[in-house]
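One structure below.
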Amino acid sequence: MRFTRYLVPTLREDPSDAVVMSHRLMLRAGLIRKESAGMYLYLPLGFRALHKITEIVREEMERAGALEFLMPELTSAELWKESGRWEAMGKEMIRIKDRNGLEYALAPTHEEAFTAAVRSIVSSYRDLPLNAYQINTKFRDEIRPRYGVMRSKEFIMKDAYSFDMDEEGLERSYQAMRTAYRNIFSRCGIETIPVEADTGAMGGSNSEEFMVASEVGEEVLLLCAACGYKANQERAEYRRPQAAHVEKMEELHAVDTPNVKTIDELAVFFDRGADEFLKSIVYLADGRPVMAVVPGDREINEVKLKNALGALEVELAPDSVVEEVTSAPVGFAGPIAKKPVRTVFDLSVRAKHNAITGANEKDRHYAGVNPGRDFALNEEADITSAIKSDECPKCGAALDERKGIEVGHIFKLGYKYTKSMNLTVLDENGRAVHPIMGCYGIGVNRTMAAVIEQHNDGRGIVWPMTVAPVQVHLVGIAKSDDEIAAVDEIYDMIMNAGIEVLFDDRKASPGVKFADADLIGMPIRVTVGKSFFKDDEIEVKLRRESEVVRVAKNAFIRHIRGLIEEEWGRLS
RNA sequence: CGGGGUGUAGCGCAGUCCGGUAGCGCACCUGGUUUGGGACCAGGGUGUCGUAGGUUCGAAUCCUAUCACCCCGACCA
């Protein structure tokens with residue numbers, strides 16, 4: 001493709017609204033443009049890169065035995081009502097009505113659609129196991145789209161759903177996907193950190209997220225360098241320190257604390273560390289008030305809390321509920337309750353002595369609070385988030401904390417959809433049984449952004465060979481007609497060799513061309529200029545290296561073929 | 001949803017306080033000279049100053065409403 005006939009609108013300056021590197025470079029290299037917040041269009045070069053990624057995904061999915069489908073994007077409300085997610089999905093799902101008032105959702109995911117499809121197509125155990133997948137657009141009404149294609153309202157996802165007769169089958173399907181995912185990401189040239197994860201709104205058991213470490217990552221990962229434990233913060237466990245030995249348990253006594261409410265204020269007021277307070281937060285779990293009690297220096301992990309309570313939904317209670325439960329204004333809640341309310345204590349509360357907590361009375365706190373003596377630890381659970389330097393749950397070493405972007409997620413769904421939507425097949429004995437499901441997603445655009453996050457330098461993108469829009473960037477520096485014809489000939493040679501090439505045939509100065517070549521970042525740059533016209537040598541340079549190799553014309557094609565193969569080999 | 005900010009040419013921005021003919025750099029178009037790391041000369045403005053209303057002789061500028069976009073936060077008592 002000739003630059004002058006192609007469309008590569010590179011930008012010299014950073015667009016002002018791009019804050020992360022991948023977003024900036026995608027805009028500047030002319031790969032994408034913003035349509036509006038959270039919606040991006042792909043220009044031809046960007047789309048080629050996206051294609052390269054989807055091709056890798058496709059190959060690995062096929063290799064793992066998955067079958068490619070294409071599902072409708074517009075999904076009827078009926079489908080979602082069957083599984084109960086018409087309500088559960090909430091505002092994240094974009095809903096629309098047709099002219100007759102029929103309701104639809106723009107699919108944010110396709111469990112229901114695939115379950116219904118399989119239900120109507122498959123009826124025998126002989127058809128299982130089945131892993132059905134698609135590469136398709138998903139719609140989510142994100143609270144706040146940001147970081148370009150990293151978090152957008154509309155994005156491309158590879159989603160796969162496996163159906164097996166039993167748990168052993170599911171385990172095989174799951175492991176096949178684990179392998180496929182590792183292959184996919186390594187072929188794309190990105191390093192991922194697989195971590196244990198919560199199964200979220202989808203419901204299920206076993207789960208692994210494929211994270212890419214990044215400053216702008218939206219998830220926090222806890223990693224153990226000693227034993228390799230990896231989990232995201234929603235899920236990460238940690239060991240609680242042993243109870244410190246105390247000389248003497250103080251008497252429980254009330255202290256006037258006029259208008260002192262927050263842990264920070266209390267710490268100043270009492271001149272004690274935040275960890276010496278017990279923070280008591282009132283939540284509504286599926287609409288019922290629940291009190292969660294944790295050390296003052298700890299964050300409540302709502303995912304863990306939800307799981308501990310067996311609730312579908314937990315949210316902070318409004319002030320009115322807090323006042324009713326604690327008989328006091330907000331800021332003075334504590335576990336020494338006047339009114340009975342379900343109370344969950346974090347595992348670390350047990351070890352606290354002579355703590356301070358709200359007295360469930362305006363402007364008063366209790367000091368000398370001792371768990372077990374002053375209140376019963378009826379319900380204990382892990383409901384706080386692990387943080388940096390907490391002890392690893394497996395080996396006790398200090399955990400490290402990193403931010404990450406999720407590019408893939410695999411998990412065992414179980415029977416949630418096959419039961420709620422009544423998908424059955426007949427087994428060997430002619431009995432109807434519910435297959436067990438697994439679900440496997442990859443954010444394709446996000447993967448592309450992750451590739452760029454991991455492969456760039458001060459000048460621009462440094463595409464890995466496997467996902468580069470084209471393999472070779474040919475820069476022609478020709479003046480006379482003869483020279484132009486000579487460069488054209490090289491261009492034809494490359495094309496005829498079946499090598500993907502972008503030929504910068506513009507009448508621009510060399511500096512402009514080199515700068516654009518660096519920005520766009522094709523893996524191999526070929527320069528045909530004075531060294532060719534004088535000495536018959538073509539210059540070949542890898543984008544990721546600075547060394548320029550001069551090659552004779554008759555050895556040239558062989559040379560770049562070798563480079564392509566070599567680069568490809570590094571990534572498989 | 002809360003807080004902060006920004007909307008002026010394709011991109012980056014000035015002009016707004018203090019109302020008086022729409023600007024700068026890059027990009028772009030025409031002609032010419034150049035050509036190995038973002039050339040130079042000459043000419044050219046491609047604009048609903050986000051939108052709507054108001055004040056005024058006169059509004060990018062003041063007032064009101066509204067929309068969009070960006071950043072931070074989203075309940076830890």
Side-chain angles (χ1 to χ4, degrees), chain A residues 7-20 23-24 27-28 30 33-39 91 141-148 216 257 259-267 274 277-284 291-302 304-305 314-323 325-326 328-334 346 357-358 360 362 365 383-385 387 458-460 475-480 483-484 487 504 506-519 525 527-534 537 539 541 546 548 550:
Chain A
L7 198 56
V8 191
T10 55
L11 304 174
R12 191 173 293 197
E13 289 173 275
D14 277 334
S16 60
D17 57 5
V19 292
V20 304
H23 188 198
R24 288 212 291 262
L27 288 166
R28 285 191 51 205
R33 282 289 170 92
K34 184 168 74 177
E35 196 279 328
S36 65
M39 286 126 78
K91 290 185 174 167
D141 193 354
E142 291 290 343
I143 290 180
R144 181 144 94 90
R146 60 180 129 181
Y147 305 141
V216 300
T257 51
N259 220 24
V260 183
K261 297 177 183 177
T262 66
I263 293 293
D264 286 349
E265 289 165 4
L266 284 162
F277 297 83
L278 291 179
K279 186 159 67 177
S280 308
I281 312 292
V282 179
Y283 280 88
L284 287 178
M291 189 182 280
V293 181
V294 304
D297 61 338
R298 285 287 172 176
E299 299 286 314
I300 292 180
N301 181 322
E302 292 186 3
K304 288 182 178 180
L305 179 64
V314 296
E315 53 177 344
L316 279 172
D319 289 359
S320 59
V321 173
V322 177
E323 283 160 20
V325 168
T326 65
V330 171
F332 303 97
D346 184 65
T357 186
N360 295 323
K362 182 172 167 29
H365 281 77
I383 56 170
T384 51
S385 293
I387 54 171
R459 298 171 185 277
V475 177
I477 305 172
K479 291 156 209 165
S480 66
E483 288 173 352
I484 291 170
V487 181
D504 194 342
R506 291 177 298 176
K507 284 192 171 69
S509 73
V512 171
K513 293 185 181 186
F514 289 138
D516 271 346
D518 288 341
L519 175 59
R525 188 185 78 191
T527 308
V528 178
K530 63 187 178 195
S531 62
F532 180 66
F533 307 131
K534 241 178 16 202
E537 285 178 335
E539 292 162 55
K541 178 187 165 300
S546 53
V548 175
R550 296 184 168 209

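In the text below, chain A, chain B and the rest are named by the order of the sequence lines, each starting its count at 1. The structure displayed is predicted, hence computed values, not measured ones.
Which of B:A74, B:G38, B:C71 sits closest to the side chain of A:Val19 comes down to B:C71. The listed nucleotides are B:C76, B:C69, B:G38; the one nearest the side chain of A:Glu302 is B:C76. Considering only the side chain of A:Ala515, B:G38 comes nearest among B:G12, B:G38, B:G36. Here the side chain of A:Ile300 is nearest to one of B:G37, B:G36, B:C76, namely B:C76. The A:Asp516 side chain lies nearest to B:G38 when the options are B:G38, B:G37, B:C69. Of the candidates B:U35, B:G38, B:C13, B:U35 carries the atom nearest the A:Ile477 side chain, counting heavy atoms from C-beta on.
Heavy atoms of A:Ala478 sit nowhere under 4.0 angstrom from any nucleic acid atom. A:Val322 comes within 4.0 angstrom of a nucleotide base, judged by non-hydrogen atoms across all strands. Using a 4.0 Å heavy-atom cutoff across all strands shown, A:Ile143 reaches at least one base atom of the nucleic acid. A:Arg525 comes within 4.0 angstrom of a base, heavy atoms only. When heavy atoms are screened at a 4.0 angstrom cut-off, A:Glu315 is found touching no nucleic acid atom at all.
In this view, A:Ala274 and A:Ile263, A:Asp297 satisfy the side-chain contact (heavy atoms from CB on, under 4.5 Å) rule, not counting sequence neighbours. Residues satisfying the ring-ring contact (aromatic ring centres under 6.0 Å, His included) criterion with A:Phe532, sequence neighbours excluded, are absent altogether. A:Arg33 is linked by a salt bridge (Lys or Arg N to Asp or Glu O under 4.0 Å) to nothing, counting only residues two or more places apart in sequence or in another chain. Legend: residues meeting side-chain contact (heavy atoms from CB on, under 4.5 Å) with A:Arg24, ordered by chain and number and at least two apart, are A:Asp14, A:Ala18, A:Met21.
Atom CG of A:Asp504 is separated from atom P of B:G37 by 15 Å (rounded to the nearest Å). Atom NZ of A:Lys507 and atom C1' of B:G32 are 14 Å apart (whole Å). The nearest whole Å value for the distance from the NZ atom in A:Lys304 to the C1' atom in B:C76 is 15 Å. Summarising the geometry, the separation between CG on A:Asp346 and P on B:C76 is reported as 18 Å, rounded to the nearest angstrom. A straight line from OH of A:Tyr147 to C1' of B:C72 spans 10 Å, rounded to a whole angstrom. Atom pair A:Leu316:CG and B:A74:P shows a separation of 11 Å (rounding to whole Å applied). Straight-line distance from the CD atom of A:Glu537 to the P atom of B:G36: 18 Å, rounded to whole Å. Taking atom CZ of A:Arg506 as the reference point, atom C1' of B:G36 lies 15 Å away to the nearest angstrom.
B:A9 and B:A22 are spaced 10 Å apart, taking the C1' atom of each and rounding to whole Å. Using atom C1' as the reference point in both B:U61 and B:G20, the two lie 11 Å apart (nearest Å). With both ends at atom C1', the span from B:U6 to B:A60 equals 15 Å, rounded to whole Å. Comparing B:G45 with B:U30, their C1' atoms are spaced 14 Å from each other, to the whole Å. The gap from the C1' atom of B:G12 to that of B:G58 amounts to 32 Å, rounded to the nearest Å. Comparing the C1' positions of B:U56 and B:U64 gives an interatomic distance of 16 Å, to the nearest angstrom. Between B:U8 and B:C70, the distance separating the two P atoms is 14 Å to the nearest Å. B:C69 and B:U33: their C1' atoms are spaced 44 Å apart (whole Å).
Across all strands shown, B:G45 forms no Watson-Crick or G-U wobble pair with both key distances under 3.5 Å. The pairing partner recorded for B:U33 is B:A39, the criterion being a Watson-Crick or G-U wobble arrangement whose two distances lie under 3.5 angstrom. Within the shown strands, B:A52 is the pairing partner of B:U64 under the Watson-Crick or G-U definition, both distances less than 3.5 Å. In a base pair of the Watson-Crick type (N1 to N3 plus N6-O4 or O6-N4) or a G-U wobble (N1-O2 and O6-N3), with each distance short of 3.5 Å, B:G12 is matched with B:C24. As the counterpart of B:G73, B:C1 is assigned, both hydrogen-bonding distances of the Watson-Crick or G-U wobble pattern falling under 3.5 Å. Across all strands shown, B:G58 remains unpaired; no Watson-Crick or G-U wobble contact has both distances below 3.5 Å.
Of the candidates A:Arg12, A:Arg28, A:Arg506, A:Asp516 forms a side-chain hydrogen bond (donor to acceptor under 3.5 Å, both in side chains) with just one, namely A:Arg506.
Side-chain N/O atoms of A:Asp518 and base N/O atoms of B:G37 include a donor-acceptor pair closer than 3.5 Å.
One finds a side-chain N or O of A:Lys34 lying less than 4.0 angstrom from the OP1 or OP2 phosphate oxygen of B:C70. Taking only side-chain nitrogens and oxygens, A:Arg146 comes nearer than 4.0 Å to OP1 or OP2 of B:C72. Neither OP1 nor OP2 of B:U35 sits under 4.0 Å from any side-chain N or O of A:Ser509.
In terms of position along RNA chain B, the nucleotide closest to A:Asp14 lies nearer the 5' end than the nucleotide closest to the other residue of the pair A:Asp14 and A:Gly511. Comparing A:Asp17 and A:Tyr283 along RNA chain B, the residue whose closest nucleotide (by nearest heavy atom) sits nearer the 5' end is A:Asp17.
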Pairs: protein N or O with nucleotides 2-8 of chain B N or O, under 3.5 Å:
none

Query - Footprint string (nucleotides 22-31 of chain B, 5' to 3'): B base within contact, S backbone only, - free, heavy atoms under 4.0 Å - result: ---BSS----
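Between A:Val322 and A:Ala317, the closest heavy-atom pair is CG2-O, 3.9 Å. When all heavy atoms of A:Val293 and A:Ile383 are compared, the pair lying nearest together is O-CD1, 4.2 Å. Of all heavy-atom pairs spanning A:Val487 and A:Val528, the tightest one is CG2-CG1, 3.7 Å.
When atom types are taken as modelled, the side chain of A:Lys304 and the backbone of A:Thr384 share a donor-acceptor pair closer than 3.5 angstrom.
Residues A:Val20 and A:Arg146 fail the side-chain proximity criterion, which asks for heavy atoms closer than 4.5 Å.
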Report task. Assess whether side chain to side chain contact (heavy atoms under 4.5 Å, CB included) is satisfied between A:Met291 and A:Tyr283, documenting all intermediate values. Result -> CA-CA 6 Å; A:Met291 189 182 280; A:Tyr283 280 88; over 6 Å; no
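If you check the side chains of A:Asn301 and A:Ser385, you find a donor sitting under 3.5 Å from an acceptor.
With rounding to the nearest 0.5 angstrom, the CG atom of A:Leu266 is 11.0 Å from the NZ atom of A:Lys279.
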